[in-house]
Amino acid sequence: MLDIQYIRENRQAVAAKAQQKGYPVDVDTLLELDEQRRNIVTQIDALRAKRNDLAATLKKTKPTPEQIAEGKSLKEQVAQLEGNLAPVEEQYQTLLRAVPNMPLAEVPVGATEDENVIAKTVGEPTKFDFTPKHDFELGEALDLIDKERAAKISGSRFAYLKGGLVRMQFAIVQFVMQTLGDEAIIQKLIDENGLHIPAKPFTPVLPPAMLRTEPYVASARLNAEEVTYKIEQDDLWLNASAEHTLCTMYWNEILPEDALPIRYLGYSTSFRREAGTYGKDMEGIFRLHQFDKLEMEVFCTPETGLEEHKLQIAIQEYLVQQLGLPYRLIQKCTADIGKPNASGYDIDCWFPGQQKYRETHTADYMTDYQSRDLKVRVRRQDGIDLVHTNDATAFAMSRILKCIMENYQTADGRIVIPEVLRPYMGGQAEL
RNA sequence: GGAAGGGUGUCCGAGCGGUUUAAGGAAACGGUCUUGAAAACCGUCGUGCCGGCAACGGUACCGUGGGUUCGAAUCCCACCCCUUCCGCCA
C-alpha cells in the first residue's frame, strides 16, 4: 500500500496517477476518513492516559468507590469511541489498499495495453521454408503432450508433459540455476548496463506452494476472483507464482542492511484459475491452470531498487538470447503495469505457430508498496527503511517450452534442442 | 488424528493481577584501558500510531481475536502456529 502521509501531501497527483493506472480511487473520501480516524484516535489516547494515571495512583492503595466509578466511566468512554472508530478504520483500510502504487515518471501514460511501448526488438521472426506447426501438433506427433487425457482426469487447461519435453524443462532449470549462480555473468550484465550494484548471485529456493490469507493479502498479490485457487478446508491458497511465497518470506521482519540485496531464484508449480479467459489460448500449453516457473525475487535498499529492476530485465534478455529466441522488450504503460507496480516490463517472444509475439516474461518493480504492508524493513545506520521489492520471470515453463518447440521445429516435425541446454540433456541434439 | 509442552524485544530468557518506564544475559554500537586486539569496566540499544519544526510528550503492542477487572504479558474463552511423543504416510 501507499504511505498515507504521501497521499495527504500529494492528493492531486495520487488521484491523477491512480486514474492513469486504471484504478480510480476516491482520495477525498480517503483523506476525510483519515482525518476522522486521527481525531478519534487522539481522543481515545487522551482517555487512556487518564485511565493509566488513575491505575498508577492505585498501585498500593485500595481504590475508593469514586475511583472505581471513574475508572468504569473512562472504560465506557473508550469503548464508545472504539465503537465509532471501527467502521471508520475499516473503510479507511479498504480505501487505502485500493490506492495503486505510483508509476515512475518514465512509465508511458496509456489507457490500454495497446499503448505499451516496444523498447527493443531482438532477432527476426524465425523463418521456415514450410508452414510451422503449433506446439500441440508437434507435441502430439512426438508424444510429448497429452491434453486429452489431462482433460479427462483434471479438466481443461491441464496437460501431461512427457519424455524429452520434461527432460528439456529440467535442463532449463539447471541452465538457469547455473547462469544466475554465476557471479561473473551477473557482473557482466551489471557492467553492460552501467549499474552500480553488487554481483551477488541468486540463491535457488524451493518455496512452499501454498500460503495463508494474511500474508497473501499483505503482499498485494492475492487476486481471489480471477487468479487464485483456495483450499476449501484450510486457510490456504495455492500460489500463482513462486513470487507469492518468496515476497512474503520476510513478512514482519527487520533485515540487517548487510544482508541486502537478497536475490532468490524460486522454482514452484504455479496455479491459476484463469477465470475470465474462457476460449482464450485453449490449444496447446500456452495457458494452463498449472505450470512450473522459475522466478527471480529481490529485496534491496530504496536506492538500489531501480537498478535491481534493470538487472532483472537484463537477466531476462540474456536468458532468452541464450536460448536463441526472437523477442521484443516491452515497456508497459500505466494501464498495464499492475496495481502494486511502479514500473513493469514484459518480454514477448516470437511464436511461429501463431505468427505473433506473445508474453513470456514480466518484470515488476514495486518500490516500497509491497513491503509497507508486509512490513519488510531494513535496519540502517540512521534508522529503519522499508525495503524495495522486485520480481521477474526467469522462465515460465510451459510457455517457454512451447516457444522452443515452435522456433526449433524441423520440416520433418522434430525439434532441435537449443545448444545451451544440450549439456544438461546428455548431449542430446533433438527431440 | 491422539497426548503433552510451549509462543515475551535482534537472539536467549525471567515475569504468572498494580515499583514492568518488560528483569537478567548475549549480540550490536560508542567510550575507558591497550602499541594493537582480547578481556574487564562505563554508557547506548524495540516497533508502530497520534501531536510537535524539533527537543519531546501521549498511546498501543508480550501468537491472534474476544472477555473479566478501577487496573492484564500475568486470570477466563475461542482460534492459530511451533516443538516433542504416539499413530499414519511420500
Side-chain angles (χ1 to χ4, degrees), chain A residues 1-9 30-97 99 206-218 222 230-237 245 248-260 262 268-269 299 301-302 368-387:
Chain A
M1 61 180 164
L2 221 53
D3 180 9
I4 185 63
Q5 203 171 333
Y6 177 86
I7 301 175
R8 279 180 212 139
E9 287 162 10
L30 172 63
L31 290 177
E32 208 170 285
L33 288 165
D34 173 47
E35 219 171 295
Q36 282 181 38
R37 179 182 132 269
R38 286 190 286 163
N39 182 9
I40 299 172
V41 165
T42 306
Q43 291 180 54
I44 290 176
D45 280 358
L47 288 171
R48 279 178 178 154
K50 273 194 199 173
R51 183 199 60 189
N52 289 343
D53 284 345
L54 179 63
T57 64
L58 294 178
K59 265 186 289 195
K60 284 206 165 159
T61 58
K62 287 239 161 66
T64 65
E66 289 77 30
Q67 287 170 321
I68 290 177
E70 191 192 348
K72 279 191 169 161
S73 158
L74 287 170
K75 187 166 63 172
E76 278 159 21
Q77 291 177 62
V78 168
Q80 199 189 338
L81 283 170
E82 281 174 343
N84 296 344
L85 181 63
V88 173
E89 184 71 33
E90 198 190 321
Q91 281 183 68
Y92 165 78
Q93 288 293 341
T94 305
L95 266 181
L96 180 59
R97 275 157 217 267
V99 181
L206 286 175
M210 298 183 204
L211 67 161
R212 297 190 286 190
T213 304
E214 201 184 345
Y216 214 161
V217 168
L222 181 59
K230 177 76 172 68
I231 304 292
E232 205 47 54
Q233 304 97 306
D234 298 286
D235 177 32
L236 285 171
W237 302 78
T245 35
T248 44
M249 204 168 160
Y250 297 105
W251 185 39
N252 282 326
E253 292 192 35
I254 302 175
L255 302 165
E257 185 165 14
D258 61 13
L260 303 182
I262 293 171
S268 172
T269 303
F299 304 88
T301 59
D368 60 9
Y369 187 89
Q370 212 173 26
S371 60
R372 180 167 292 105
D373 213 358
L374 282 171
K375 300 184 179 68
V376 183
R377 292 150 292 173
V378 51
R379 187 183 303 282
R380 318 181 78 172
Q381 202 86 52
D382 51 353
I384 286 171
D385 283 333
L386 292 166
V387 302

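Everything numeric here is computed off the predicted structure, so don't read it as measured data. Every chain is numbered from 1 and lettered A, B, ... according to where its sequence line falls, protein lines coming before strand lines.
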Exercise. May I have the distance from Ile40(A) (atom CD1) to A60(B) (atom P), rounded to whole angstrom?
Key: 17 Å
Exercise. Pick base, sugar-phosphate or nothing for Leu74(A), based on heavy-atom distances below 4.0 Å to the nucleic acid.
Key: nothing
Self-check item: Interatomic distance where OH belongs to Tyr250(A) and C1' belongs to U10(B) [whole Å]
Solution: 15 Å
Self-check item: Under-4.0 Å side-chain N/O to phosphate OP1/OP2 contact, Lys75(A) with G71(B)
Solution: yes
Quiz prompt | Closest nucleotide among C49(B), A60(B), G51(B) to the Asn52(A) side chain | solution = A60(B)
Quiz item: Taking the side chain from Ser73(A) and the backbone from Ala69(A), do they hold a donor-acceptor pair closer than 3.5 Å?
Solution: no
Quiz item: Which part of the nucleic acid, if any, lies within reach of Arg372(A) when heavy atoms closer than 4.0 Å are counted: base, sugar-phosphate only, or nothing?
Solution: nothing
Quiz prompt | Gap in Å between the two P atoms, one belonging to G66(B) and one to U74(B), rounded | solution = 14 Å
Practice problem: Answer yes or no: is there a donor N or O on one side and an acceptor on the other, between the side chain of Thr245(A) and the main chain of Pro208(A), under 3.5 Å? | Solution: yes
Self-check item: Between C50(B) (C1') and Glu89(A) (CD): distance, integer Å
Solution: 12 Å
Quiz prompt | Contact under 4.0 Å: Arg212(A) side-chain N or O vs C80(B) OP1/OP2 | solution = no
Quiz item: Between A60(B) and Arg51(A), is there an OP1 or OP2 to side-chain N/O distance shorter than 4.0 Å?
Solution: yes
Exercise. Determine the interatomic distance between C1' on G63(B) and the same-named atom on C80(B); round to the nearest Å.
Key: 8 Å
Practice problem: Considering only atom C1', compute the distance from G9(B) to G15(B) and round it to an integer number of Å. | Solution: 14 Å
Quiz item: Is Arg379(A) near enough to A28(B) that one of its side-chain N or O atoms lies under 4.0 angstrom from OP1 or OP2?
Solution: no
Practice problem: Please determine, by modelled atom types, if Glu90(A) and Thr94(A) share a side-chain donor-acceptor pair under 3.5 angstrom. | Solution: no
Self-check item: Runs of at least three Watson-Crick or G-U pairs with RNA chain B, cut-off 3.5 Å
Solution: B:1-7 with B:80-86, B:10-12 with B:24-26, B:28-32 with B:40-44, B:46-51 with B:56-61, B:63-67 with B:75-79
Quiz item: To the side chain of Arg38(A), which of A60(B), C50(B), U47(B) is closest?
Solution: C50(B)
Exercise. Return the 5'-most residue of the pair Ile254(A), Arg48(A) with respect to RNA chain B, ranking by each residue's nearest nucleotide.
Key: Ile254(A)
Self-check item: Whole-Å P distance, C56(B) and C45(B)
Solution: 11 Å
Self-check item: Glu253(A) atom CD: more than 12 heavy-atom contacts under 6.0 Å
Solution: yes
Quiz item: Expressed in whole Å, how much space separates the P atoms belonging to U44(B) and A22(B)?
Solution: 15 Å
Exercise. Report the residue (Glu70(A) or Arg377(A)) whose heavy-atom-nearest nucleotide on RNA chain B is the more 5′ of the two.
Key: Arg377(A)
Practice problem: Among the candidates U10(B), G48(B), C50(B), find the nucleotide nearest to the side-chain atoms of Val41(A). | Solution: C50(B)
Quiz item: When you compare G25(B) with C75(B), how far apart are their P atoms, in angstrom units rounded to a whole number?
Solution: 26 Å
Exercise. Check the distance between C49(B)'s C1' and Asp34(A)'s CG and give it to me in whole angstrom.
Key: 11 Å
Quiz item: Roughly how far apart, to the nearest Å, are C33(B) and C42(B) at atom C1'?
Solution: 11 Å
Practice problem: Can you figure out which of C50(B), C70(B), G58(B) approaches the side chain of Ile68(A) most closely? | Solution: C70(B)
Self-check item: Flag, side chain of Ser371(A) to backbone of Val387(A), donor-acceptor distance under 3.5 Å
Solution: yes
Quiz prompt | d(CD, Glu214(A); P, C80(B)) in whole Å | solution = 14 Å
Quiz item: Just checking, any donor-acceptor pair under 3.5 angstrom between side chains of Asn39(A) and Gln43(A)?
Solution: yes
Quiz prompt | Leu85(A) CG - U59(B) P separation (whole Å) | solution = 17 Å
Quiz item: Do other residues, nucleotides or ligands put more than 12 heavy atoms under 6.0 Å from Glu257(A) CD?
Solution: yes
Quiz item: Would you find more than 12 non-hydrogen atoms of other residues, nucleotides or ligands less than 6.0 Å from Gln93(A) atom CD?
Solution: yes
Quiz prompt | Electrostatic pair Lys50(A):Asp53(A) at N-O distance under 4.0 angstrom | solution = no
Exercise. Take atom CZ of Arg380(A) and atom P of G46(B), then tell me their distance rounded to the nearest Å.
Key: 20 Å
Self-check item: From C70(B), G48(B), G58(B), nucleotide with atom closest to Asp45(A) side chain
Solution: G58(B)
Quiz prompt | Spacing of the P atoms in G46(B) and A55(B) (rounded, Å) | solution = 15 Å
Practice problem: Give one of base, sugar-phosphate or nothing for Arg8(A), where a contact means two heavy atoms less than 4.0 Å apart. | Solution: sugar-phosphate
Self-check item: Euclidean distance, atom CG of residue Asp258(A) to atom C1' of U10(B) [Å, nearest integer]
Solution: 13 Å
